[in-house]
Amino acid sequence: MSATRTALDRVTRVPGVRGALVIAAADGLVVAEQLMDGVDGRAAAALTGSLVGRLARTAESAGLRPPAFVHLRGDAGSVLAAPGPDDLVLVAVVSPDANLGLARLEMIEAAERLI
Amino acid sequence: MRALEPWVVQPLESFLAESAARLTLLMTSSGQVVAQHGFSRSLDVMTAAALGAGIVASTDELARLMGGATFEALVHHGQRQSCMLAAFSTPRGRWIGLVVFGPETSVGIVRLFFEQMIQQLAAAAPREQPAAPMLAENFETELDSSLKALFGR
């Protein structure tokens with residue numbers, strides 16, 4: 001579990017990150033989370049788990065490898081997801097002014113070391 | 001999808017569209033069916049309702065023995081399909097939801113939209129008094145009319 005906490009610490013230290021979660025993609029459930037007030041972790045886990053699963057299946061159908069990083073951009077911010085081992089996914093909810101490049105680097109590296 | 005009361009239709013339709021559940025059964029805590037989706041035989045509905053209500057009653061008692069509050073939801077994970085059983089409060093009393101879902105969705109999605117449905121049901125429920133409890137002498141007639149409404153025949 002310490003790898004999970006380390007991953008969440010690394011991601012939430014990035015400026016503009018409003019929260020980070022480790023989720024079980026197939027179930028869409030939260031494994032661990034560090035979230036600011038107002039971020040609904042259960043909804044983020046359920047919807048991001050579904051999104052990552054569908055993107056992986058889409059990529060597979062197209063003969064491609066599953067995505068290594070997902071960036072879903074909205075008006076009020078973005079949701080970032082980095083799939084890791086054992087069906088785990090590292091998810092971050094970020095504000096529009098977040099340092100996306102740094103968040104991406106930290107997430108990809110941290111996701112590889114989950115559990 | 002069939003419902004005995006029209007105000008249940010919209011919240012349930014919304015839940016079904018979002019969650020991709022295969023089967024859904026809404027019932028009172030005594031096992032009286034309020035709405036169903038996906039069942040083709042009335043016998044299956046009555047059996048599932050009776051079993052679901054029995055399981056919730058058992059887990060409630062188990063929770064009481066353990067000195068805690070009632071369990072929020074019971075999820076059975078299967079290889080090809082899973083099942084969630086959850087009791088919740090409505091302005092019409094305590095109801096139970098039984099949801100069967102496959103790998104095309106997830107327990108997180110089902111729970112998320114089930115909670116939204118509970119809120120929508122609470123908002124949509126008419127404020128007038130619920131119907132009087134069913135009496136033994138009316139039981140068969142009520143059961144027949146409920147099954148006709150739920151299966152359209």
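Bear in mind the structure is a predicted one, so any value in this text is a computation, not a measurement. Order of the sequence lines sets the chain letters (A, B, ...), proteins ahead of strands, with each chain counted from 1.
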TODO: Hydrophobic side-chain clustering at under 4.5 Å (ILVMFWY, transitive links): who's grouped with B:L65? Put none if nobody.
DONE: none
Open item on the list: If you count heavy atoms of other groups shown closer than 6.0 angstrom to CD of A:E60, is the number above 12?
Closed with: no
- [ ] Would you indicate whether A:R73, at its atom CZ, is surrounded by more than 12 heavy atoms from other residues, nucleotides or ligands within a distance under 6.0 Å?
- [x] no
Open item on the list: Only heavy atoms, only distances under 4.5 angstrom. Which residues in residues 42-53 of chain A are near chain B?
Closed with: A:R42, A:A43, A:A46, A:L47, A:S50
Task: A:H71, NE2 atom: more than 12 neighbouring heavy atoms under 6.0 Å - done: yes
Open item on the list: If you count heavy atoms of other groups shown closer than 6.0 angstrom to CZ of B:R22, is the number above 12?
Closed with: yes
Open item on the list: Which atoms of B:E115 are under 4.5 Å from chain A, going by heavy atoms: the side chain, the backbone, both sets, or neither?
Closed with: side chain
Open item on the list: To the closest 0.5 Å, what do you measure between CD1 (B:I109) and CG (A:D27)?
Closed with: 11.5 Å
- [ ] Tell me whether B:L26 is reachable from B:V75 by hopping between hydrophobic residues (I, L, V, M, F, W, Y) whose side-chain heavy atoms are closer than 4.5 Å.
- [x] yes
TODO: Examine B:F88 and B:L85 and state if one hydrophobic cluster contains both, with Ile, Leu, Val, Met, Phe, Trp and Tyr joined whenever side-chain heavy atoms are less than 4.5 Å apart.
DONE: no
